[in-house]
Amino acid sequence: MKYYLVLLLIITGTAANAANLEPMLYKYAEKRAVADTDTVFRKRSISVGVNYGSDVQFFGRTGPINYPFLSTDVIYNTKTGFFVYGSAVKVIGYDPLVDEVDLGTGYFYKYNKKVTGTISYTRFLFMKAAADVIKSASSNDINFKNSFDWKIAKTSVTADYLFGKSSDFFLTFSTSKYIEPTWSIFDDQDYVSFNPTITAIFGTQNFVGKYSRDHINKFALYSIAEPLEGSPERPYNNGKFNALNYSLKLPIAYNRPHYTLEASWKYSIPVNVEGELKNRHEVFFNMTFYYLFF
């Protein structure tokens with residue numbers, strides 16, 4: 001049961017999108033903000049990205065089995081800050097060519113040189129033949145993110161409201177330090193950058209209770225005298241707002257004027273894990289390439 005409970009609910013290609021498969025949109029927006037140049041912000045552009053991840057994570061939650069994935073992303077940015085984007089997700093090892101498609105739109109704004117942010121809406125579309133591990137109880141996400149540049153570091157506060165068959169609210173706090181050495185690798189057009197980040201995620205876990213109500217037969221497989229925690233007879237207190245995860249991420253990127261290749265490692269510590277969910281520390285590896293047309 002613990003495999004189904006974790007994988008059918010939590011290992012989902014949403015991101016949450018703000019925290020979980022991490023849509024490429026926010027990575028691009030952060031890189032534009034880091035550059036802090038009006039030239040980049042005012043230009044119309046198209047970003048195309050490909051990402052490999054060693055495991056899928058949903059707002060700090062994973063299962064006992066690793067599910068590596070591939071995702072592709074396309075983002076169209078207007079001069080005024082509005083953008084539209086699409087993403088396709090493939091969980092490696094399953095039959096469908098594409099398990100999930102995400103579509104969204106939003107606005108990138110800049111209060112001043114220190115304060116930037118995005119507000120966006122994302123719709124998650126799960127393919128009919130997709131493996132159950134990719135299907136989520138929430139199919140919509142409203143995301144609101146603000147970033148504050150303190151010069152010595154950058155702090156971001158992100159609010160996510162996910163809704164559909166179940167609804168959850170998340171707050172993500174992160175602090176990062178962008179480091180760009182003065183030396184180049186091959187010529188004066190390239191550079192290496194580092195952006196170590198500490199993140200804390202807080203939120204509700206109603207997506208766990210939704211699975212319990214929809215899959216009563218899974219609990220019936222166990223011949224026990226007392227109902228299992230998480231079953232309809234013994235529901236979790238999933239509506240409680242709690243700390244969910246703490247993590248440390250170490251990204252290293254090779255940059256040229258139009259593209260970036262980034263490798264990152266993230267050490268994740270889940271907390272307040274409900275019942276059958278697997279509570280374990282985990283190291284994630286991601287490799288991302290994106291190209292910017294402008």
Side-chain angles (χ1 to χ4, degrees), residues 15 18 21-55 68-81 83-90 106 108-110 112-118 145 147-156 174-199 247-267 283-294:
L21 280 188
E22 293 185 359
M24 295 302 298
L25 162 69
Y26 306 114
K27 294 184 179 180
Y28 298 142
E30 286 175 358
K31 290 183 182 298
R32 290 204 305 271
V34 165
D36 198 26
T37 61
D38 289 342
T39 302
V40 177
F41 178 68
R42 290 174 181 171
K43 280 189 173 182
R44 182 184 297 112
S45 65
I46 297 177
S47 303
V48 180
V50 179
N51 178 51
Y52 164 80
S54 61
D55 196 5
F69 66 91
L70 290 170
S71 66
T72 59
D73 309 86
V74 178
I75 303 153
Y76 174 71
N77 302 281
T78 68
K79 293 180 180 180
T80 58
F83 54 80
V84 293
Y85 58 94
S87 177
V89 181
K90 165 66 178 175
F108 175 81
Y109 53 88
K110 187 174 184 178
N112 50 51
K113 290 185 176 181
K114 293 185 177 181
V115 183
T116 59
T118 58
K145 177 177 182 177
S147 298
F148 309 87
D149 192 345
W150 309 106
K151 290 188 177 180
I152 60 172
K154 183 177 181 180
T155 299
S156 296
S174 64
T175 298
S176 62
K177 174 61 177 177
Y178 181 79
I179 304 169
E180 185 181 312
T182 56
W183 41 266
S184 300
I185 302 296
F186 299 108
D187 54 42
D188 59 0
Q189 293 294 305
D190 69 358
Y191 61 96
V192 175
S193 60
F194 308 88
N195 197 26
T197 305
I198 298 174
T199 300
S247 66
L248 171 64
K249 187 175 181 179
L250 301 174
I252 302 174
Y254 173 76
N255 308 272
R256 293 194 69 86
H258 282 272
Y259 67 83
T260 290
L261 177 63
E262 180 185 275
S264 66
W265 293 262
K266 181 169 71 172
Y267 183 65
V283 176
F284 296 85
F285 172 75
N286 281 75
M287 180 69 74
T288 302
F289 173 84
Y290 76 82
Y291 195 94
L292 183 65
F293 300 89
F294 59 84

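The chain is numbered in sequence order, starting from 1.
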(message) So W265 and I252, do their side chains get closer than 4.5 Å, heavy atoms only?
(response) yes

(message) On a heavy-atom basis, which atom in N195 and which in P251 lie closest, and how many Å separate them?
(response) O-CD, 3.0 Å

(message) For S45 and N77, which I'm curious about, is there any donor-acceptor pair between the side chains at under 3.5 Å?
(response) yes

(message) Determine whether a donor-acceptor pair (N or O, by modelled atom type, separation under 3.5 Å) exists between the side chain of K177 and the backbone of I152.
(response) yes

(request) To the nearest 0.5 Å, tell me how far Q189 CD sits from S184 OG. (result) 8.5 Å

(request) Rounded to the nearest 0.5 Å, what's the gap from CZ on F69 to NZ on K90? Could you check? (result) 13.5 Å

(request) First locate atom CZ of F284, then atom CG of D55, and finally report the distance between them rounded to the nearest 0.5 Å. (result) 5.0 Å

(request) Could you tell me which non-hydrogen atom of P257 sits nearest to which non-hydrogen atom of F294, and how far apart they are? (result) O-CE2, 4.1 Å

(message) How long is the straight-line distance from OG of S47 back to CZ of F293, given to the nearest 0.5 Å?
(response) 9.0 Å

(request) Please report the closest heavy-atom contact between I185 and D190, naming both atoms and the distance. (result) N-OD1, 3.1 Å

(message) Distance check, rounded to the nearest 0.5 Å: N286 atom CG versus N51 atom CG?
(response) 5.0 Å

(request) To the nearest 0.5 angstrom, please state how far the CZ atom of F148 sits from the OG atom of S156. (result) 8.0 Å

(request) Look at the side chain of S147 and the backbone N and O of K145, then say whether any donor-acceptor pair between them is shorter than 3.5 Å. (result) no

(request) Without swapping roles, check the side chain of N255 against the backbone of Y191 for a donor-acceptor pair under 3.5 Å. (result) yes

(request) Considering non-hydrogen atoms only, spot the tightest contact between Y109 and T118 and give its length. (result) CE2-N, 3.6 Å

(request) Identify the two heavy atoms, one from T199 and one from S174, that lie closest to each other, and give their separation to 0.1 Å. (result) OG1-CB, 3.5 Å

(request) Please tell me if the side chains of M287 and L261 come closer than 4.5 Å, counting only heavy atoms from C-beta onward. (result) yes

(message) So W150 and K114, do their side chains get closer than 4.5 Å, heavy atoms only?
(response) no

(message) So which atom in F194 and which in P181 form the shortest heavy-atom distance, rounded to 0.1 Å?
(response) CE1-CG, 3.8 Å

(message) I want to check something: taking the side chain as every heavy atom from C-beta on, are V48 and F289 in contact at a cut-off of under 4.5 Å?
(response) no

(message) Checking D187 now: which residues fulfil salt bridge (Lys or Arg N to Asp or Glu O under 4.0 Å) with it, not counting sequence neighbours?
(response) R256

(request) Can you establish whether the number of heavy atoms outside I198 located under 6.0 Å from its atom CD1 is more than 12? (result) no

(message) Parallel, tilted or perpendicular: which one describes the rings of Y259 and Y291, with boundaries at 30° and 60°?
(response) parallel

